[in-house]
Trainee: 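I'd like to ask some things about the structure below.
Whatever order the structure lists them in is the order used to number ligands and atoms, beginning at 1.
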Amino acid sequence: MSVRSALAALALLAASPAMALELRLPADCRLGEDCFLQQFPDMKKGDGAIDPFCGIATYDGHDGVDLRVLSMKDITRAVPVVAVADGEVLRGRDGVEDRLVDTPGAREAIMPRACGNGVVIAHADGLETQYCHLRRGSIVVRPGQKLKAGDKIGEVGASGLAQFPHVHLTVRLDGAEVDPLTGRKVGEDCVADPSDARPLFSPAVMAMMKPLQPEILGLGLSGSLVDYDTLVVDGPPPQATTADAVRVAWVWLANVKVGDTLRIVLDGPDGERLTDNTTKPLDRNKAIYFSYAGKKGSPVPGSYRLDVTVLRDGSPVVNRSRQITVE
Ligand SMILES: [Zn+2]
């Protein structure tokens, strides 16, 4: 190869799309407030699962990024699903109902339409993105339509193979599925040192992501026992009032790891420590985890402070506090 052609090849490399892309999130929402990253691609070939940064936030065979809203109630908020970059709509499907898959039979039945209502967009330089589980009737684009990054495609839903309402984003480069956090092909192994990652997401998106930390989906003080199974349907329980006969400090988490412990501290209106509970170490990884500390008796009115910490190897990995006024 001549010096000139070698230089030309270098220039091509420097302009390769994997370096130049700055994808945005696939939904118009506030990460960590009204939407949450639940799962990433599985970077392990074959059985078992490992997420892009060698953590637990994935499952065997998952090929994309899941950006969720809390519950089926949030579907009615019409959270926009948006194009992650400029492009042109290739194809789409609508008409599949929004329904959480909770039995093996339901799973089997929906498999041929696992993506549910979806859209595929072609971008420059061999990049293609696919968006799944959109809300039925929400798709507002048609094949051939040109889009700018951030343009609305539809709304977050739970159509197809979905266990919680979310948008699933698959990224393909020249036909191969790629993890947008590390730039590696899906199944090509995780990145232990984050400086080795070549993200397709923008630096702003990457700065918001904390894939190795548990995510606190919600916390609060309820006046009734919380039914874990209804959380994903009805969302967080109503806040306690003085008319209630119990008070339950609760926390809802994603991606906690085997060995993690959870500390729940509740201080009452006059500063008195009402609850200080630490759970036993978790016996396995949990994609979703719910915990609470309850006590009989009507809560007195006033301002409470709830403080929740996840501890890993004895050190806090995530902490959140919330001031709660009981009336
Ligand atoms: Zn997914």
Trainee: Does Ser321 reach the side chain of Arg305, with side-chain heavy atoms less than 4.5 Å apart?
Mentor: yes
Trainee: Quick one: are His123 and Glu128 in side-chain contact, heavy atoms under 4.5 Å?
Mentor: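 Heavy-atom side-chain distance check fails, nothing below 4.5 Å.
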Trainee: Near the Zn ion (ligand 1), is there an N/O/S atom from His133 that is less than 2.8 Å away?
Mentor: no
Trainee: Which donor-acceptor pairs under 3.5 Å do the side chains of residues 225-239 make with protein atoms, sequence neighbours left out?
Mentor:
from	atom 1	to	atom 2	distance (Å)
Asp227	OD1	Asp229	N	3.1
Thr230	OG1	Asp227	O	3.0
Gln239	NE2	Thr325	O	2.7

Trainee: How about His168: does one of its N, O or S atoms come closer than 2.8 Å to the Zn ion (ligand 1)?
Mentor: yes
Trainee: Okay, side chain of Asp267, backbone of Tyr304: is any donor-acceptor separation there less than 3.5 Å?
Mentor: no
Trainee: Regarding Asp66, does it place an N, O or S atom less than 2.8 Å from the Zn ion (ligand 1)?
Mentor: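 Checking the Zn ion (ligand 1) against Asp66, an N, O or S atom does fall under 2.8 Å.
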